[in-house]
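By convention in this document, chain letters (A, B, ...) are assigned in the order of the sequence lines, proteins followed by strands, and residues within each chain are numbered from 1. All values reported here derive from a predicted model rather than from experimental measurement.
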2 protein chains.
Amino acid sequence: MADASDRPRPRSSSQVTLDDVARACGVSPITVSRALRGARNVAPELQARVQAAVDQLGYVPNVAARALASARSSHVAVLIPSLTNQLFVELLEAVQDALSPHGFQSLIGVTHYDPAQEEALLRSYLSQRPAGVLLTGFDRSEAALRMLERSNTPCVHLMENSDAPGVYSVGFSQRDAGRTIVEHLLQRGRRRIAYAAGQLDPRVMMRLEGYRDALRAAGCHDPALELLAPGPTSIALGGRQFEDLLARHPDVDAIFYCNDDLAQGALLAALRTGVPVPQRVAIAGFNDLGGSDQMLPPLTTVRTPRREIGRRAATMLLALMRAAPAPERTVDLGFDLVVRRSS
Amino acid sequence: MADASDRPRPRSSSQVTLDDVARACGVSPITVSRALRGARNVAPELQARVQAAVDQLGYVPNVAARALASARSSHVAVLIPSLTNQLFVELLEAVQDALSPHGFQSLIGVTHYDPAQEEALLRSYLSQRPAGVLLTGFDRSEAALRMLERSNTPCVHLMENSDAPGVYSVGFSQRDAGRTIVEHLLQRGRRRIAYAAGQLDPRVMMRLEGYRDALRAAGCHDPALELLAPGPTSIALGGRQFEDLLARHPDVDAIFYCNDDLAQGALLAALRTGVPVPQRVAIAGFNDLGGSDQMLPPLTTVRTPRREIGRRAATMLLALMRAAPAPERTVDLGFDLVVRRSS
DNA sequence: CTGAAAGCGCTTACAG
DNA sequence: CTGAAAGCGCTTACAG
């Protein structure tokens with residue numbers, strides 16, 4: 001099987017180079033280079049002549065040469081845990097929409113929620129000397145931290161905030177969001193409130209802390225109602241967790257799921273097994289993903305500002321990449337409680 | 001705001017280079033280069049010495065320099081229409097899983113189903129001289145085709161097949177799949193079968209052709225039952241299409257949706273409005289996405305082999321990239337009819 | 001198994 | 001507004 005370094009190619013590619021364009025125009029390569037980069041100090045007539053030659057020859061600049069000569073890259077490495085959670089797809093889209101008008105391309109890395117994989121990706125992406133890095137959260141290896149530090153690459157963190165010095169981040173308080181939705185359930189008169197979770201990343205665990213905060217304050221925290229499943233979340237898992245919870249704790253009167261896919265599965269399982277929602281048990285989710293407003297009953301959840309997070313983080317990184325002082329180190333974008341009929 | 005070409009950096013980066021490592025080891029740079037690439041002809045003792053120096057200095061190879069010197073790249077450009085459809089996320093994961101063990105990284109481009117955007121992405125990615133390209137389907141601009149041709153970059157097409165000479169592809173027959181599911185509905189005794197679609201890409205239109213094939217053969221094709229919505233699919237759209245169709249054509253007895261998210265929305269709308277499925281109307285989807293088996297009733301659909309497509313296409317590209325003759329030009333992976341209780 | 005020379009295709013910094 | 005020289009950090013091809 002081929003490997004990235006396997007195949008010998010002719011020393012001199014048959015590709016069209018800057019020199020070919022220059023020769024075609026009868027000017028020096030450097031002038032072509034300037035014309036191509038839209039330098040202000042090139043005669044308009046020459047500009048047009050160069051463009052014509054480029055089109056005619058089908059010249060495509062070699063970015064490796066450009067990057068090497070200029071010590072500048074148009075890549076931004078974006079490391080996210082998953083593409084399976086719609087949340088991160090939307091985050092990513094917002095990032096790319098903000099970055100690409102400025103000529104930056106995203107190198108997307110999926111860590112699968114694993115610091116070791118993240119470290120490997122970072123090592124590999126850093127070797128491309130990206131102009132900047134976007135990371136999800138703060139849970140990473142010491143080695144990754146050191147590489148980042150040593151590389152001196154501008155970096156912004158997504159989804160959570162930190163008050164550590166020199167750390168840039170755009171996010172919201174996962175813990176507050178967890179507390180808020182549980183307080184809503186308490187206000188509705190629920191007392192036996194369960195937390196059902198999968199994909200136990202640090203943010204899911206912070207939501208758990210918020211859940212505990214609210215229940216302890218109300219004097220009805222019961223650790224037996226915390227259902228933490230390792231592995232990925234899914235609609236099917238949510239259904240199983242729903243049935244488990246009701247079987248083992250028949251008095252449960254509300255379930256807060258760490259992600260909407262689980263909660264959607266619970267709603268479908270309730271329908272299937274004839275458990276009335278919210279009468280017998282209230283259901284709440286997290287993130288307000290696609291379809292949650294279409295469920296039966298529509299799902300109460302927390303809407304998280306992932307598009308805005310992507311946009312703002314990209315803007316912040318853009319400032320750092322041009323070595324401008326970022327206006328703020330930490331942006332808290334908050335969240336919205338969305339009360340629908342499942343609670 | 002910063003642009004990719006804005007910020008001046010010191011001519012000589014303060015980064016650790018090959019030369020630094022060589023000096024630290026007391027050997028020549030070329031030897032370090034060989035040791036790093038795992039060349040067979042380096043003394044084991046030296047190998048270890050180099051590795052130690054690399055670790056100690058925190059050396060990270062500069063891929064731009066490597067790419068320029070070797071005229072070889074470890075990038076593969078992967079152009080897909082969307083990350084919102086779970087289908088393409090799974091396709092992408094399979095591609096990356098197959099490519100990364102061989103040292104290739106994916107440059108992911110999202111075309112938003114737009115040949116103009118695809119052309120722009122291709123232009124930009126080709127300037128990185130990728131080792132290979134993976135494209136979705138065959139619907140692209142003349143200019144894109146020319147660029148690809150001229151670049152001489154190995155290329156494999158995903159999702160559909162073509163018998164054009166020199167074209168590599170891995171997919172299945174969208175038309176046959178459409179025909180198959182409609183034949184199933186016919187066999188169940190349905191006669192007034194609608195096709196409801198969104199995101200009218202070429203594959204959705206080929207499914208439509210399959211739908212027509214089956215209905216014409218059965219003598220019950222009615223163009224009035226083709227509901228083609230421009231714009232993205234969603235659970236909410238599926239629900240609206242369901243209500244529309246039943247209001248305008250009360251005799252409709254089955255609906256084939258071009259994608260499972262639409263069909264899931266239909267199932268939820270049926271539940272909401274009290275329309276019995278499949279008694280009053282059968283529902284079928286396409287792709288067998290997450291949650292379809294959890295619906296009420298579970299959704300009849302077509303399971304498409306996207307992970308296998310990604311894996312096989314990557315394998316084929318790997319062969320082409322090492323200039324090996326690919327075993328086959330065209331791989332048809334078929335599909336599975338999945339009959340559940342909605343039909 | 002190791003090295004000296006040349007070059008990949010650009011851009012920088014300096015002139016004019 | 002345009003150009004000659006040097007160099008970015010690596011690898012290739014050729015020796016020994």
Practice task
State whether a side-chain donor-acceptor pair under 3.5 Å links B:Glu119 with B:Ser141.
Solution key: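 Distance-only check passes for B:Glu119 and B:Ser141.
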Problem - Side-chain (A:Asp20) to main-chain (A:Thr17) donor-acceptor, under 3.5 angstrom - result: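 Present.
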Practice task
Using atom types as modelled and distance alone, determine if a side-chain donor or acceptor of B:Asn62 lies under 3.5 Å from a backbone N or O of B:Ala65.
Solution key: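 Yes, because the side chain of B:Asn62 sits within donor-acceptor range (under 3.5 Å) of the backbone of B:Ala65.
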Establish, with yes or no, whether the OP1 or OP2 oxygen of [N] is under 4.0 angstrom from a side-chain nitrogen or oxygen of [X].
X	N	result
A:Ser28	D:dT2	no
B:Tyr59	D:dC10	yes
B:Thr31	C:dT2	no
B:Arg66	D:dC8	no

Problem - Salt-bridge contact B:Glu308-B:Arg311 (side-chain N to carboxylate O under 4.0 Å) - result: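 So B:Glu308 pairs with B:Arg311 through a salt bridge.
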Practice task
Quick one: list whatever passes salt bridge (charged side-chain N to carboxylate O under 4.0 Å, His left out) with B:Glu142, sequence neighbours left out.
Solution key: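 Once residues adjacent in sequence are excluded, B:Glu142 has no partner under the salt bridge (charged side-chain N to carboxylate O under 4.0 Å, His left out) criterion.
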Exercise for the section: Assign each of B:Pro44 and A:Asp19 to its nearest nucleotide of DNA chain C by heavy atoms, then name whichever residue's nucleotide is nearer the 5' end. Expected result: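 Between the two, 5'-proximity favours B:Pro44.
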Problem - Given DNA chain D, 5'-ward residue of the pair B:Ile30 and B:Ala65, judged by closest heavy atom - result: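 Taking each residue's closest nucleotide, the earlier one in sequence belongs to B:Ala65.
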Using atom names, set out every protein N or O paired with an N or O of nucleotides 14-16 of chain D below 3.5 Å, distance rounded to 0.1 Å.
none

Handout entry: Stem list, DNA chain C (Watson-Crick or G-U pairing under 3.5 Å, at least 3 consecutive pairs)
Key =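 Stem list for DNA chain C: C:1-3 with D:14-16, C:5-12 with D:5-12, C:14-16 with D:1-3.
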